[in-house]
Each structure stands twice: as C-alpha cells, then as structure tokens.
Number of protein chains: 2
Amino acid sequence: MAKKQLIMEKALELFAAQGFESTSVQQITEHCGISKGAFYLAFKSKDELVVALIDHFMMQFISDIDHSVKNVTNNQQLLYNFYYATFNSFYKHSDFAKVLMKEQSQTINNHELILKMRYYDQLLDKIILAMIKQLYDNTVEQIQYDLLYCIKGLIRIYSELFIFSNVQLDLDLLSKSLEDKTKILASNMTVPFITSELIQLSQLPINEEELSPQHIVKFIDQKIEELGDSVEKESLLLIKDHILEPRLPQAIVIGLLGNIQHHPHLKWVSYLLRNYLLN
Amino acid sequence: MAKKQLIMEKALELFAAQGFESTSVQQITEHCGISKGAFYLAFKSKDELVVALIDHFMMQFISDIDHSVKNVTNNQQLLYNFYYATFNSFYKHSDFAKVLMKEQSQTINNHELILKMRYYDQLLDKIILAMIKQLYDNTVEQIQYDLLYCIKGLIRIYSELFIFSNVQLDLDLLSKSLEDKTKILASNMTVPFITSELIQLSQLPINEEELSPQHIVKFIDQKIEELGDSVEKESLLLIKDHILEPRLPQAIVIGLLGNIQHHPHLKWVSYLLRNYLLN
DNA sequence: TTGACATTTGACCCATTAGTCATTAGTATA
DNA sequence: TATACTAATGACTAATGGGTCAAATGTCAA
C-alpha cells in the first residue's frame, strides 16, 4: 500500500535524525501530511512501524550482500565484492544505516525487536562465515570466528566514517583497503580468541522460559548426575538449593559460580546461572 | 556529596538495563529510596545527571588507559597493556560500558552531550595515535589512521562479546589476541584508506579550552575542597602555585604528579596536569 | 440525487513525564 | 526547651506521549 510506503519513508528520515524514542507519531504524521488516524490505519502501533522498517531494510541489505557473495566464481574478487556491496548498501539506504548505528541493537525495549535484530545479525554471520570457508576452506578453522569478528569490527568502525560525517568516500579504495586488511589477518593471525563454544554462549537466545527456575533446576540436576564427586558438584548442589529457597548471601553465590565457570562441561550452566542469579 | 554518588550509581544500573529515555526520574528515585525532590536537590535536571555520569566515567576510563600506556618503558608490553587496561576498565564499570554501547554516541538529542562524547573520543584517539607513534615511529606514517580505526574497531566488536552476554572472558588471552592482530596489521598493511585530511573532515577540532591554565586551576581548586589534609592535597596546592607562577624544577613537578596519580579521585586531574605540564 | 460503503480526520482520553514548591522532619546551637 | 536552620518530602502542575473513535468527507453504483 502506498500509504505504508510513505509513512515508512518519512518516518525513517525522522528516526535517522532523532532516534525512535524522540520521534513522536504526531511528528511523523505531520511530516507525512496525514492525520493521526491515518497512521493507525496503516500500522497498528508505533512499534509495528519500527518492525516493518527493520524487516524491510534488513531483508534488502542481507540479500544484497548474499547476492554479491554467492554470485562470484572467482575467489580473488570475493572479499572485495563483499565489502563493496556492504558499503554500497549503506550508501543507498544511509538513513536506515544511521538508525541502525544509532539504536545499536537494544536501545529499544521491545523484546521482539531485539530477537529480530539478533536473527538478522546471525544471518549476516552465516554469510560471512560461508565466505571465509570458501576462501580458506579449513585452513583457518581455528581462526574463523576471530576473522568474522574482525570483519564485523572493520565494517562497524569504517561505517562511522561516512555515516556520521557527510564525507563522500571512495568505495572502491575502501573495499580494496578492507580486503587487504582481511587477507593479512587471515594469513597471519596466530592467537585466536573466539572459540565455537564462545560463539554459542554469546548467541544463544535469552528467552524467558529458559531462565525460569524450573528449567534451570532441571538442567542442574542433569549436570549433577554427569559429574563425579568434586568441588563443582558440591557447588552445583548448593546453588540448586539456593535457587529453590534463596538464603545465601550474594558473595557466596558469586564464589560458588566461580567454582564452576571454568569446567568445560559447565559453561552453559554457569552462563544460565549468572543470568538468573546476578541480574 | 554522598547523595549524588548514590543517585549516579543507581541511575546507571537502570540506564544500563533500559537506556536513558526509557528510565524516568520517578524510577530512579524509587530505586534509590529517596523522594523526587531530593533528586532535584542533587541535580538540576535529568540531563545534568547524564552529563555527570558521562564525565565521571569517561574521565576515569581515559585516565586508566592513558596511565597504562604512559607508564610502560618496554614497547613489547605496550599494546598488551593498552588492551588489557581497556577491557579491564569495561569490566570494572560494565554498567557504564553497556550504556556507552547502547546509546551509541547520539541517541541523545542533547547537543552538549554529543560534543562531550566527541571530545572524549578524540582524547582516546590521541592516546592511541601516541601509542602507535611510540611503537612504530614514522615507519607507519601513512597507515597510522587506518591502524587507529582497526584498533577501535577491534575494541568495539570484541566488547560486544562480553557486554551483551554475561560470559566471563579471559582478559589475558583476549589482550594477547588483539595485540597479535594489531601487530600483524601494522607490519603488513599495504592499502591505507584514511588520510589525515579525511580525519580532519570527519572530526571537529578538539576543545582546547579545557587545557587552559584557568580551567585546570579551577578544576584543582574543586578537588582541593573535596580532599582532607593529605600528601595529595599538599601536592595539589604546590602544583597549583606552580601553574600560576612556574618556579619548580621539572623533577619536583614530576614527583608531585607521582604523589597524586594513584588517588582514585585525582586520576582525571593528574591526566590533565600531565598533559599540561609535561608535554 | 440518493444511499451504502470506505477512507480519513482530529478532538479527545488516559497514562506518564520532567520539574516545582509549600510543607514537614531533622538537627544543631543558645 | 526554644529557635534557627537545612534537608527532604510528595502532592501538584503543565506538557507530551501513544492510541481511540464518533463524526466528517469522499466515492461510486443505481
């Protein structure tokens, strides 16, 4: 519908200049030259508009990049094309890029939106990882996640250059420059930091259900069965009691968590517990 | 004043969880257990609280990092120390780090705050550039700004790993890993992108006023009032006299600076003084 | 022209916000 | 105890927010 289009366009301009929260529906409707009621005919709420915007542009963005990467037979051009497509897309939709940078993932309180952003972020991760794999196959298995983060870091920081100042950049040189940096890192990096386990820990959804005490206790019971007698097992037992009937001082809880956090099989459980007990 | 301290602490917790705009003064006062009026006795407005928070933590952050870089004679450890200090500071003040990441510079409409953030950002740039210069002198003149951006990009993206998930990271390994990446980039990069002109275009000149003797003396007076009788206070008084009418030999000045640089409330003042007196 | 229907409006509602100020509670001195 | 002073309160205001809905306007076939 044309009305939706109009609202999305005009709202994006305002969001880019002021941010979500500081932009009122009133302002949007004035900027569109329509009434408040008309806005609520097109979108059920302000949040729905935001979701629509994110969806619309992220889909476009992701598919742009995916296209640039998938349709390259010559590996020599892969990285260059990837960077070029990325920054070109930022240019084409610079207002959206601005919003994206400003509302750095979670300014918004809307849980749905956070999940959505995380979803798109993981899609992008997949694309980049596939590209890394295609370029270096398994010679970089141990450094692939570090490479992923380096690439994302480069994009993030070089984006700021032209998103927050209105300087016109030489996209060709920029892409070549980042290609250069990436290749150098790929073939010389010797101290990787990010393991696949770390990735899993940081990406796993923090949905409410998973953080319910019932779920956590069940999970702890499972781990207790797996463990032999040890400090870890004893700590887990104490923590479990504390969850069912809180009575330990914070300092002791922290200490107990410290006892288990380095055990290779307890990383997930200690992640859950930290979230549940310390927030 | 203790009340200010309390409000700042409690407000930071809420800001970290919800963001500025979504946190009301009401919520803050409830979380502090004080009345609304008491809040407005401590701060003239919500904005003033935000400014105070930013100032307080950025000063601490910048001086932490500056300290870690300036007090290293062995170049081998420079990068490692820099990264370690950076991430360690994020850890120590993780709520503030969260706010900083969330309100990615300009969610806020307040013009003063944007300028302030830019100011601190540029201070950090200066520190990093000085470090690069010390490490590689002029062999990297053409790539120094790219190196600066790579370092900032790495910090930005690796920060997200632990700021937005509650994973406990191995700071030592992380620092080594980023040191590795940085050194590799420094000695292999061949296609620089960022020229000094580009830097100038993208950032406004730094605020020189803050480095004027008047400003520094005013700042010292403030600190002197806060301090009880102590070596630090006496040192500050002597330094103040020296600024107004220089007559102490360099060695004494350095000694006096040494007296104050470890006091937790004097980090910023000693950073300013080091810049003013020793450069 | 009429009437049935779809689209659009903006005054209105209620919740929430930042910020104020007359009043009260607390404390130290005479 | 009386007095003088500061620190703290919370009911209050004025403004703004998102969202609603009865009424007005527009459309078109008969």
Side-chain angles (χ1 to χ4, degrees), chain A residues 1-55 99 102-103 106-114 116, chain B residues 1-56 99 102-103 106-114 116 225-226 228:
Chain A
M1 189 199 286
K3 191 55 69 61
K4 269 196 175 184
Q5 212 76 34
L6 172 73
I7 294 174
M8 283 170 72
E9 257 172 52
K10 296 292 186 180
L12 188 61
E13 291 173 16
L14 294 174
F15 286 158
Q18 313 171 336
F20 294 146
E21 313 243 7
S22 320
T23 304
S24 67
V25 175
Q26 193 86 28
Q27 271 181 288
I28 296 172
T29 57
E30 275 166 19
H31 198 224
C32 292
I34 62 170
S35 71
K36 216 167 175 192
F39 176 92
Y40 283 95
L41 283 177
F43 296 97
K44 275 211 286 290
S45 67
K46 193 183 168 187
D47 271 356
E48 202 189 82
L49 163 64
V50 173
V51 169
L53 273 174
I54 300 261
D55 270 336
V99 172
K102 280 192 186 187
E103 322 291 318
Q106 33 247 78
T107 313
I108 322 113
N109 275 341
N110 188 322
H111 190 67
E112 186 196 352
L113 255 198
I114 294 179
K116 214 174 247 307
Chain B
M1 190 202 285
K3 192 54 69 62
K4 270 196 174 183
Q5 212 77 31
L6 172 73
I7 294 174
M8 283 169 71
E9 256 171 53
K10 296 293 186 180
L12 188 61
E13 290 172 18
L14 294 174
F15 287 157
Q18 313 172 338
F20 294 145
E21 314 243 6
S22 321
T23 304
S24 68
V25 174
Q26 194 87 26
Q27 271 181 290
I28 296 172
T29 58
E30 274 165 21
H31 198 224
C32 291
I34 62 171
S35 71
K36 215 160 176 204
F39 176 92
Y40 283 95
L41 284 177
F43 296 97
K44 276 211 287 287
S45 68
K46 192 183 167 186
D47 272 356
E48 202 189 83
L49 162 65
V50 174
V51 169
L53 272 174
I54 300 262
D55 269 337
H56 179 253
V99 172
K102 280 191 188 190
E103 323 291 319
Q106 32 249 75
T107 313
I108 322 115
N109 275 341
N110 188 324
H111 189 67
E112 187 196 352
L113 258 196
I114 294 178
K116 216 174 245 309
E225 291 218 354
E226 292 174 27

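Chain letters run A, B, ... following the sequence lines, proteins first, then strands; residues in each count from 1.
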Between P of C:dA18 and CD of B:Glu48, the distance in whole Å:
15 Å
Do any side-chain atoms of residues 34-43 of chain A form donor-acceptor pairs under 3.5 angstrom with protein atoms, and if so which ones, sequence neighbours left out?
from    : atom 1 : to      : atom 2 : distance (Å)
A:Ser35 : OG     : A:Ala38 : N      : 3.2

Interatomic distance, CG@B:Leu6 vs SG@B:Cys32, rounded to 0.5 Å, equals 4.5 Å
Partners passing side-chain hydrogen bond (donor to acceptor under 3.5 Å, both in side chains) against B:Glu48 (at least two apart in sequence or in another chain)
B:Lys44
With sequence neighbours excluded, what pairs up with B:Thr29 under the side-chain hydrogen bond (donor to acceptor under 3.5 Å, both in side chains) test?
none
Keeping A:Lys10 on the side-chain end and A:Gly33 on the backbone end, is there a donor-acceptor pair under 3.5 Å?
no
Spacing between B:Ile28 atom CD1 and D:dG10 atom P, to the nearest angstrom:
17 Å
B:Gln27: side-chain hydrogen bond (donor to acceptor under 3.5 Å, both in side chains) partners, not counting sequence neighbours
B:Gln18
For A:Asp47 and D:dG19, what is the distance between atoms CG and C1' respectively, to the nearest whole Å?
12 Å
Can you give me the N/O atom pairs linking the protein to nucleotides 15-17 of chain D at distances under 3.5 Å, or say none if there are none?
none

Spacing of NE2 belonging to B:His56 relative to CG belonging to B:Leu49, to within rounding of 0.5 Å
12.5 Å
To the nearest Å, how far apart are B:Glu30 CD and C:dT16 C1'?
12 Å
For B:Leu49 and C:dA18, what is the distance between atoms CG and C1' respectively, to the nearest whole Å?
13 Å
Looking only at side-chain atoms of A:Leu41, point me to the closest of D:dG19, D:dA8, C:dT8.
C:dT8
Go through the structure and list residues passing side-chain hydrogen bond (donor to acceptor under 3.5 Å, both in side chains) with A:Gln26, not counting sequence neighbours.
none
Check: protein-nucleotides 20-26 of chain C nitrogen or oxygen pairs below 3.5 Å:
none

May I have the distance from B:Ile34 (atom CD1) to D:dG10 (atom P), rounded to whole angstrom?
11 Å
